[in-house]
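Have a look at the structure below, then the notes.
Just so it is clear: chains get the letters A, B, ... in the order the sequence lines come, proteins before strands, and each one is counted from 1.
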Amino acid sequence: MPAITLPDGSVRQFAAPVTGTAVAASIGPGLARAALAMEVDGRLVDLGHEIDADSRVVFVTRRDPQSLGLIRHDVAHVLAEAVQGLYPGTQVTIGPAIENGFYYDFARNEPFTPEDFPAIEARMREIVARNASFTREVWPRDEAIAFFEARGERFKAELIRDLPEGEPISIYRQGEWLDLCRGPHMRGTGDVGNAFKLMKVAGAYWRGDHRNPMLTRIYGTAWRDAGELEAHLHQIEEAERRDHRRIGREMDLFHIQEEAVGSIFWHPKGWRLYTVLQDYMRRIQSAHDYVEVRTPQLVDRSLWEASGHWENYREHMFIAEVGDAGEAEDRKLSLALKPMNCPCHVQIFKHGLRSYRELPLRMAEFGACHRYEPSGALHGIMRVRAFTQDDAHIFCTEDQVAAETARFVAMLAQVYRDLGFDSFVVKFADRPDNRAGDDATWDRAEAALVEACRLAGVGYELNPGEGAFYGPKLEFVLRDAIGRDWQCGTLQVDYVLPDRLDASFIGEDSARHRPVMLHRAILGSFERFLGILIEQYAGRFPLWLAPVQVVVASIVTDAEPYALEVVDRLKRAGLVVQADTRNEKINAKVREHSLARVPVILVVGRKEAEARTVAMRRLGGAAQELLDLDEAVRALADEALPPDLKRVGRDHVAELT
RNA sequence: GCUGCUGUAGCUCAGUGGUAGAGCACUCCCUUGGUAAGGGAGAGGUCCAGGGUUCGAGUCCCUGCAGCAGCACCA
């Protein structure tokens, strides 16, 4: 006698166990047509699922965002059927729904290519049009294994074998074709609709492990209707348009070449961007009571052995062997380019006796690090082998961890706001499998960080097993202008390294104590963050960041002396300005500098030269504003002030008044 | 690192085994103009590198390097 409670609070009684299909039909023909699946007590199941106990039921229709997951999962099955129909002998493995779409991994000797897509998509559309019902069956484990093995589907058989004992082996049929699947599915293949598109092929390791064979994966995107699909494809174009590698070339910011793979040649404009950001960070850190240091690039192997990096990351370190070829191995110097700054910072901390009165000691370095990243990981300036971190280590007592965490989060939030990011989320990454330090130490470190978050009022989601090898960490994830997430900031609690490197301070009790180390960064690496900034702004930077802030364009040769005077005035006001007095029409100049993403163009002709004015045109706008030269210089100089200096100016004024 | 794709002028890209191409950018000349391309001329090549097949290779084959996408990795 199941009593079913609906979202509006109404309750329906049924005399016997009943399927979702029947419940929907009892409510009305409209819902019966629209319902794709349902949630029973919060669990998403097929409409064919039989409800035999009192429960709360919510029907999922196409309108519901949840339907996207169903559509994407179902279309993955449709893809698999199409592929097996077209390419006999291809083994199926898994095919989940993912963000924006789905994929299916196939085992086949011959990899797929995008040229196969039209045929596969055509077959998929046939399968959707046929609208075969999805039907669920539960098979005995042995039978299922035997069935798939007999078909040569050894990957499926392996999946079933590894399913936990007691887990039902559910099989979904869609017409002639069937697949092992946990479900749930919609009513039939027709519910998928036509708003899907195959996107790309790629290799992917079986079960995500690089020791396993590589499968061939087909990615697709799928949506509820053509409008959503169109919007998604547009979003991809938008991301390509913002690609920092493309903008870096177009704006002449940097380049990379074969002789220095993974390192960046910063051109003048790119370097200006870099230094503006670095100067800003230096001021912010100083305002937050950090001291800045500089430590060596090349450090003897013994320090990395002591820190544990040699053991954990040797393969990814650049090593320099120095000494004659004939010299005995143990006489040679073995130096490593530092992959991190922390062991060096500990050396400074250890240099001389430290008092508890010096804590918390916040030691910052724009630390240039080198890591031998795998070739496939390199990506523009975002993932490189030579980079500079906005790194700092806070040496403190256990009691100070919470306050330091709160302080850091406030500082980080300010920086992100200043740089144009309105929101970020925090993830808590706890102990990884491969780690240094005993479990008791990890218990303490994790507890301290949890408590610090509580006191700082920082909410987070858990990211299990993703901590650093020496400690748990908070990860700060930005969302950019087109909705992509970037992990940038980090705060790591470390009880291990001070111990391994024997750092200590003298406490109030005159005894030696171990400091706790907080590793923290806000930007992460300048290289990567600048890549993110370029994409965030699509190269159209706010004035304070723009590598060229103003171009003064003359209309006629007669106005050239005045144009140069305007340039000079702006330069003296601290702006980065260029004159464009070339023999070109003003249309061409405006077009060129607009394409170069210069935020402000000042146009000067005879009229402006006579009246000592400038015609200001903003990037992206067609309007012009006629301003007195003095007024324009003052306004632009003020606007070009970095946000932290603007605040200082305001506070200063507030103090005086 | 793995799988697949790609590599031709500064950039974007054509190129059928038979003399290396276009547009933009660049240089020069004409033009002095009012807010997203004025006109003309010129210059510019290790066709990623090495090997092979061929009378002949940018083109076909092999190896390497680099880039791109995804996977794996990211202290």
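Inspection of the Y104(A) and T93(A) side chains reveals no N or O donor paired with an N or O acceptor under 3.5 Å. Side-chain polar atoms of R217(A) and Y219(A) form a donor-acceptor pair below 3.5 angstrom. A donor atom on one side chain and an acceptor atom on the other are found under 3.5 Å apart for Y470(A) and Q492(A).
Less than 4.0 Å separates RNA chain B from at least one heavy atom of each of the following residues of residues 206-216 of chain A: G208(A), H210(A), M214(A). Near-neighbour residues of RNA chain B inside residues 548-560 of chain A, defined by a heavy atom below 4.0 Å, number-ordered: I555(A), V556(A), T557(A).
Evaluation of atom-type donor-acceptor distances gives no pair under 3.5 Å for the side chain of E110(A) against the base of G4(B). Donor-acceptor pairing under 3.5 Å, judged by distance alone, is present between the side chain of R383(A) and the base of C74(B). Not a single donor-acceptor contact under 3.5 angstrom links the side-chain atoms of Y205(A) to the base of G70(B). On a pure distance criterion of 3.5 Å, no polar donor-acceptor pair joins the side chain of R314(A) and the base of A75(B).
Look at CG on D105(A): it is 12 Å from C1' on U3(B), rounded to the nearest Å. Rounded to an integer number of Å, the gap from CD1 of I98(A) to P of G70(B) is 11 Å. Atom CD of E584(A) and atom C1' of C29(B) are 13 Å apart (whole Å). Following rounding to the nearest Å, N587(A) (CG) and U32(B) (P) show an atom-to-atom distance of 16 Å. Rounded to whole Å, atom C1' of A75(B) lies 10 Å from atom CE of M317(A). Rounded to a whole Å, the CD1 atom of I218(A) is 12 Å from the C1' atom of G4(B). Distance, L595(A) CG to G23(B) P: 20 Å, rounded to whole Å. Between the NZ atom of K585(A) and the C1' atom of U32(B) there is a distance of 9 Å, rounded to whole Å.
Heavy atoms of I601(A) sit nowhere under 4.0 angstrom from any nucleic acid atom. Here K607(A) lies in heavy-atom contact (under 4.0 Å) with a base. Y103(A) comes within 4.0 angstrom of nothing in the nucleic acid, heavy atoms only. Within 4.0 Å of R617(A), counting heavy atoms only, lies at least one base atom of the nucleic acid. Residue Q492(A) is in sugar-phosphate contact alone, with no base atom involved, counting any heavy-atom pair closer than 4.0 Å across all strands shown.
Inter-residue side-chain proximity for T388(A) and Y274(A) is flagged as met; some heavy-atom pair is nearer than 4.5 Å.
For CG of N109(A), the number of neighbouring non-hydrogen atoms (other residues, nucleotides, ligands) closer than 6.0 Å is 12 at most.
Of the C1' atoms belonging to C48(B) and A41(B), the separation is 33 Å, rounded to the nearest Å. Between A66(B) and C29(B), the distance separating the two P atoms is 45 Å to the nearest Å. Between A20(B) and G38(B), the distance separating the two C1' atoms is 31 Å to the nearest Å. Across the P atoms, G1(B) and C60(B) are found 26 Å apart, a figure rounded to whole Å. The gap from the C1' atom of U19(B) to that of C47(B) amounts to 15 Å, rounded to the nearest Å. The P atoms of U46(B) and U59(B) are separated by 16 Å, rounded to the nearest whole Å. Comparing the C1' positions of A37(B) and C73(B) gives a spacing of 47 Å, expressed to the nearest Å. Distance check on atom P: G67(B) versus G58(B) gives 25 Å, rounded to whole Å.
Salt-bridge annotation for E535(A) and R245(A): absent, with no side-chain N of the basic residue lying under 4.0 Å from a carboxylate O of the acidic one.
Checked against side chain to side chain contact (heavy atoms under 4.5 Å, CB included), A429(A) has the following partners two or more places apart in sequence or in another chain: N463(A), E466(A), K473(A), E475(A). Among residues two or more places apart in sequence or in another chain, the side chain to side chain donor-acceptor pair (under 3.5 Å) test is passed with R514(A) by D499(A), D502(A). Shown here are the side chain to side chain contact (heavy atoms under 4.5 Å, CB included) partners of L229(A), two or more places apart in sequence or in another chain: A195(A), K197(A), T221(A), W223(A), L233(A). For D252(A), the side chain to side chain contact (heavy atoms under 4.5 Å, CB included) criterion is met by H267(A), not counting sequence neighbours. In terms of the side chain to side chain contact (heavy atoms under 4.5 Å, CB included) criterion, residue partners of Q257(A) (sequence neighbours excluded) are, by chain and number, H255(A), E259(A), F265(A).
Checking A75(B), A36(B), G38(B) against every side-chain atom of H309(A), the shortest atom distance belongs to A75(B). Between A36(B), U35(B), C73(B), one nucleotide has an atom nearer to the side chain of A377(A) than all others, and that is C73(B). Closest to the V590(A) side chain, of the nucleotides G34(B), A36(B), A75(B), is A36(B).
Annotation for L501(A) and A306(A): closest pair CD2-CB, 3.6 Å, computed over non-hydrogen atoms.
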Donor-acceptor contacts under 3.5 Å from residues 200-208 of chain A side chains, at least two apart:
residue: W206(A); atom: NE1; partner: E158(A); partner atom: OE2; Å: 3.4
residue: R207(A); atom: NH1; partner: D162(A); partner atom: OD2; Å: 2.6
residue: R207(A); atom: NH2; partner: D162(A); partner atom: OD2; Å: 3.3

What side-chain donor-acceptor pairs closer than 3.5 Å can you find for residues 311-318 of chain A, not counting sequence neighbours?
residue: N312(A); atom: ND2; partner: G308(A); partner atom: O; Å: 2.9
residue: H316(A); atom: ND1; partner: Y372(A); partner atom: O; Å: 3.2

Using distance only, find each side-chain donor-acceptor pair of residues 340-349 of chain A under 3.5 Å and give its atom names and separation, not counting sequence neighbours.
residue: N341(A); atom: OD1; partner: K338(A); partner atom: NZ; Å: 3.1
residue: N341(A); atom: ND2; partner: Q389(A); partner atom: OE1; Å: 3.0
residue: N341(A); atom: ND2; partner: D391(A); partner atom: OD2; Å: 2.8
residue: H345(A); atom: ND1; partner: H393(A); partner atom: ND1; Å: 2.8
residue: H345(A); atom: NE2; partner: E365(A); partner atom: OE1; Å: 2.7
residue: Q347(A); atom: NE2; partner: P343(A); partner atom: O; Å: 3.1

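Mapping F112(A) and Q624(A) onto RNA chain B by nearest heavy atom places F112(A) at the nucleotide closer to the 5' end. Mapping T113(A) and A588(A) onto RNA chain B by nearest heavy atom places T113(A) at the nucleotide closer to the 5' end.
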Under 4.0 Å protein heavy-atom contact, by nucleotide of nucleotides 61-69 of chain B - B base, S sugar-phosphate only: ----SSSSS
Show me the protein contacts with nucleotides 10-16 of chain B, counting only N or O atoms at under 3.5 Å.
residue: C11(B); atom: O3'; partner: R249(A); partner atom: NE; Å: 3.4
residue: U12(B); atom: OP1; partner: R249(A); partner atom: NH2; Å: 3.0

